[in-house]
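Let me begin by presenting the structure, written as structure tokens, before commenting on it.
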Amino acid sequence: TRYLNRLKQDDDVCAEALQRAQILLFHRLSPLLQQTERGTFRAVALTSSEVLALLERLGSDRTKLKESVLIGCSEQDQVQFCLDVGKNSAFPPAGSGELDPVAVEEACDGAFVDLKKGLFVLRTSEAPLLAKAQALLRWHHTSRFCAATGQPTCRNQAGTQRVSSSGSVLLPSAQMSPVAIVLVSDGQRCLLARQPAFPPGMYSALAGFCELGESLEETASREVAEEVGLEVHSVSYSCSQHWPFPHSSFMLGCHALVSPAHTQLHVDQAELEDARWFSLQDVTSALQVRGLPQRGHAPPLWLPPKQAIANRLITEWAEHQRGSQKGG
Ligand SMILES: NC(=O)c1ccc[n+]([C@@H]2O[C@H](COP(=O)([O-])OP(=O)(O)OC[C@H]3O[C@@H](n4cnc5c(N)ncnc54)[C@H](O)[C@@H]3O)[C@@H](O)[C@H]2O)c1
Ligand SMILES: [Mg+2]
């Protein structure tokens, strides 16, 4: 952690680390992935010399390597950067050498995959890394000018901040929108809902963006009241997650209870397509469904993948229910 912090503070130390780094490639925010023998996908990680050789081979400017953005350090203390080889006018000279994505895919034996799809087939450990990398690259792309003065901004070597000519410092963390995601239970069942945009058959926990000045508990209570017309009590925090969609949501996961006497749902059709109570049995079988359901054979209930915090909340609820049933 201390070393990472030095990379963020000292451009020279960061430039030196880049030479020994692992670099994940993106093209217009889609990560370069490779299929493994087991049919899952992993991120293609290149060394800086492999990236330089690729840039040269595809007739691009070697200095493009310096546009890499620091993501962090792996468990094996390997410093990791990401680099978008697509048209990226966030990094001057504006539009410096977009690489032909097909040529990069052929050279690296991979494919640039939309992260929304990739997330479902990635190894669980890699999803957060690629989500963070994409969020950082998107932040640079949307922070080229200072919102207050309109002046162009420039970045530090690590890409962990941008500074405007008037000296104001922009930070990526400002881009995170806090969201309360709440799994509601009446003690026996859990409440899941689906938006029209969800894949057929998929239900998830209720979620909503925090409004300015709200606590997590207030957002959770408001969203449940707004979306299904129920009054929750005893909201308890469970876990959190950075979620890259639509643009870096900071998911704050919690559990909440409603009184078994007041479980009648009044679904806000403007927001949700459907909301239902599901039994432990329904949820247990849905948690066993692996991968993407075959087209035309959507199961009665399909849950978000393990990479999504909703899956973790639902799993926690099911484990708690089984525990209380065993405990009598
Ligand atoms: N990771 C998971 O398991 C999981 C599950 C469900 C939802 N989510 C995420 O939670 C987030 C919120 O879910 P929701 O769509 O139900 O929210 P929501 O119920 O607050 O409704 C979305 C609406 O909120 C408004 N809004 C307020 N602040 C916003 C902001 N900062 N950015 C974008 N829109 C904002 C917009 O009008 C938007 O249409 C989304 O990013 C969604 O992808 C994640
Ligand atoms: Mg919502």
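Indexing begins at 1, ligand by ligand and atom by atom, following the structure's order. For the single chain, residues carry numbers from 1 onward in sequence order. No experiment lies behind these values; they were computed from the predicted model shown.
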Hey, is Glu211 touching ligand 1 through its side chain, its backbone, both or neither, going by heavy atoms under 4.0 Å? neither
Under 3.5 Å, is there a donor-acceptor pair between the Asn5 and Thr1 side chains? no
I'd like to check [atom] in this structure: does the protein have a heavy atom lying under 4.0 Å from it?
atom	result
atom 38 (C) of ligand 1	no
atom 10 (O) of ligand 1	yes
atom 7 (C) of ligand 1	yes

Are the side chain of Gln241 and the backbone N or O of Ile309 linked by a donor-acceptor pair below 3.5 Å? yes
Donor-acceptor contact below 3.5 Å, side chain Asp274 vs main chain Arg194: no
Side-chain heavy atoms of [X] within contact of [Y], under 4.5 Å:
X	Y	value
Leu24	Leu32	no
Glu227	Val267	no
Val289	Trp302	yes

Does CZ belonging to Arg322 count more than 12 external heavy atoms closer than 6.0 Å? yes
Once you measure the plane-to-plane angle for Phe112 and His27, does it fall in the parallel (<30°), tilted (30-60°) or perpendicular (>60°) bin? tilted
Could you grab the distance from atom CG of Leu83 to atom CG of Leu18, nearest 0.5 Å is fine? 9.0 Å
Starting at CG of Leu115, measure out to CZ of Phe120 and round the result to the nearest 0.5 Å. 10.5 Å
Atoms of ligand 1 close to [X] [distance to a heavy atom under 4.0 angstrom, numbered from 1]:
X	value
Ile309	1 (N), 2 (C), 3 (O)
Ser177	31 (N)
Gln241	1 (N)
Val179	10 (O), 11 (C), 12 (C)
Gly208	17 (O), 18 (P), 19 (O), 20 (O)

Among Gln195, Arg222, His242, Lys116, which one puts a heavy atom closest to atom 14 (P) of ligand 1? Gln195
Atom 22 (C) of ligand 1: which of Phe209, Phe245, Phe250 has the nearest heavy atom? Phe209
State whether the shortest distance between N or O atoms of [X] and N or O atoms of ligand 1 falls below 3.5 angstrom.
X	result
Asn311	no
Ser204	no
Ala207	yes

Answer yes or no as to whether an N/O/S atom of Ala207 is found below 2.8 Å from the Mg ion (ligand 2). yes
Please name the atom of Glu227, limited to N, O or S, that comes nearest to the Mg ion (ligand 2). OE2
